[in-house]
Amino acid sequence: HEETIFVETQVFWADPSLFEVFDFQLIQGNPETALVSASQNVPTTVIINETTAKKFFGDEDPMGKVIRADDNWDLTVTGVYKDLPPQTHIMADYVLSLPPPQVHFGWNAFYTYIVISEGARADDLEQKFQAVANSYVPERFKTQGIVMDPILQPVSDIHLYSHLEGEAGPNSDIIYVYILCSIAVFILLIACINFMNLATARSSGRAHEVGMRKVVGADRRQIMAQFLGESVLITFVSLLLAVVLIWVAIRELHDLTGKDLTFALANWWYWAGLLAITAVVGVISGSYPAVFLSAFRPVDTLKESIRAGTANAVVRKLLVVMQFAVSIILIIGTGIVSDQMAYVQDKRLGMDQEHIVVIPATFNAIQQQYVPFKNELLQNPAIIGVTRTNAMPGRIRGGVNLPMYRFGEKEWEMESLWVGGDFITTFGLELIAGRGFPEGVIWNDMKVNKGEHILNETAVARMGFAS
């Protein structure tokens, strides 16, 4: 915008039906016209979130202002929407108007969302979608056995259960939820066992109390209820302290983990779950002490002749053994995770990552003047190499079909990079055999570079080459 340039990654294209499917809350603009493109080929309008509007225009009204994208398109701001919550998988700062669709088989650069009727079966719809999609497959692809196999998945399953290439945003895995929940259960179990051991260890101090209550008429059930009540009360006090600690430390946890953590105080389901877990933990931790202490006989407590029975001693030993076993499991698990993280951070990936700075050269001016730009950078003595690629090494390019490679009668679909001639030396790759690309090679001109490729060891093995 004007003289200010930003490099943005959270940019999506959408048609006007976006507002019928998703709850984008427009603060300014008309949802019926905000994403209507005036061109048949390129986007002409854009809606932006509050943060982006503030970043570009400050306190000015952004409506009707023009943003130039990729030094190529002039986009008129036709709407401003509220910032999306961090829990969404569509982290869109910009939404560009999508021109009218055209049929380009094999170009799957778009995500399609549908709202199905109440009671409709996703399996039945999938079969119908497959028939419709395959009716558009060109004959030359059908002869090669290429078929379209669209699948449906609930939006709520994407973050934890979807592991497809080219996702709209980074996903997690449900296995991490299970692991973290298991750790939480183990820690609570250790706390419960520790409470049981401490309560039974100081049982002699409360023996007179139990004896006196039984003398004045209290039965065992009433005494058990008293000790269970004390345990639950202590657990609820612990819950209050935990809530206060989380409230104080959540910002520091956010900075430490890099995650936008929230404490859902206004969600009554959240509180209901907390209260239920607290009650269960209180009952479990107080159950054995309640049974153990309520079993004392009044005559023994008053004569101070209480002796721990063999069965009680065995139970206490089992509790101690269980406590140490769970602790050892957690310590071993922590060590394994620590070693894995160190392995991930220190593993040699075959290229130099420590001294590489990536500049997202998305602007046409940089792409067209790459050689002068490169030479200017190399004038700096601190820079010893400059190259370019069409994507970050190791990052899957979403929405683009992987190239098909054929050798003999076999075919392989593999990720590839277009790179500059000095890619090998700049990234410090070790060539086992062959040579790198010559300097000055045109990275995306297959006629000039004659389709030359450099394969990694995995690709060589997969394609069955001897060398």
Side-chain angles (χ1 to χ4, degrees), residues 1-100 109-111 113 166-170 251 254-255 258-260 262 357-370 373 377 388 390-392 395 397-399:
H1 175 63
E2 298 176 347
E3 299 300 324
T4 306
I5 297 176
F6 296 98
V7 177
E8 304 287 0
T9 58
Q10 304 300 333
V11 181
F12 288 77
W13 299 31
D15 56 34
S17 60
L18 172 77
F19 301 102
E20 300 174 12
V21 177
F22 291 105
D23 186 21
F24 275 67
Q25 301 180 32
L26 275 182
I27 302 172
Q28 294 177 272
N30 184 348
E32 296 181 0
T33 60
L35 289 176
V36 175
S37 179
S39 171
Q40 296 293 316
N41 302 307
V42 298
T44 59
T45 61
V46 61
I47 60 174
I48 56 180
N49 62 13
E50 292 177 283
T51 300
T52 303
K54 188 73 174 177
K55 180 172 65 175
F56 267 94
F57 307 107
D59 295 329
E60 297 181 21
D61 184 3
M63 295 296 292
K65 298 292 180 62
V66 176
I67 296 176
R68 187 161 182 80
D70 284 348
D71 199 24
N72 192 26
W73 306 324
D74 287 326
L75 306 173
T76 302
V77 178
T78 53
V80 178
Y81 57 92
K82 288 186 177 181
D83 289 353
L84 301 176
Q87 293 81 12
T88 180
H89 75 291
I90 303 180
M91 295 303 297
D93 296 335
Y94 305 75
V95 180
L96 282 58
S97 56
L98 184 65
F110 301 99
Y111 309 99
Y113 297 87
E167 296 278 9
R251 179 51 54 186
H254 167 76
D255 296 337
K259 302 294 184 181
D260 193 353
T262 57
V357 176
V358 177
I359 301 175
T362 58
F363 308 110
N364 288 336
I366 295 180
Q367 296 180 22
Q368 294 170 2
Q369 302 295 325
Y370 168 71
F373 178 67
L377 291 177
R388 59 176 171 172
N390 69 321
M392 286 279 289
R395 179 175 296 177
R397 291 165 291 151

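- Side-chain contact between I48 and F56 is absent, with no heavy-atom pair separated by less than 4.5 Å.
- Between F12 and A168, the shortest heavy-atom contact is CZ-O, 3.9 Å.
- For residues 16-35, the set of pairs meeting the salt bridge (Lys or Arg N to Asp or Glu O under 4.0 Å) definition, not counting sequence neighbours, is empty.
- Across V95 and L35, no two heavy atoms sit closer than the pair O-CD2, 3.6 Å.
- With contacts defined as side-chain heavy-atom distances shorter than 4.5 Å, the pair P62/K54 does not qualify.
- Among all heavy-atom pairs drawn from P43 and W13, the shortest one is CD-CH2, 3.7 Å.
- Listed by first and then second residue, the ring pair (Phe, Tyr, Trp, His ring centres under 6.0 Å) pairs involving residues 27-55 amount to none (not counting sequence neighbours).
- With contacts defined as side-chain heavy-atom distances shorter than 4.5 Å, the pair L75/V66 does not qualify.
- Within the structure, the side-chain hydrogen bond (donor to acceptor under 3.5 Å, both in side chains) test picks out the following pairs touching residues 87-99 (sequence neighbours left out): E8-Y94, T45-S97, N49-D93, H89-Y113.
- Taking the side chain as every heavy atom from C-beta outward, V80 and I47 never approach each other to under 4.5 Å.
- Scanning for side-chain hydrogen bond (donor to acceptor under 3.5 Å, both in side chains) contacts around N30 gives an empty result, with sequence neighbours left out.
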Report task. Assess whether side chain to side chain contact (heavy atoms under 4.5 Å, CB included) is satisfied between F57 and I67, documenting all intermediate values. Result -> CA-CA 10 Å; F57 307 107; I67 296 176; 4.0 Å; yes
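- Each side-chain hydrogen bond (donor to acceptor under 3.5 Å, both in side chains) pair with one or both residues in residues 76-85, not counting sequence neighbours, appears once here: T51-D83.
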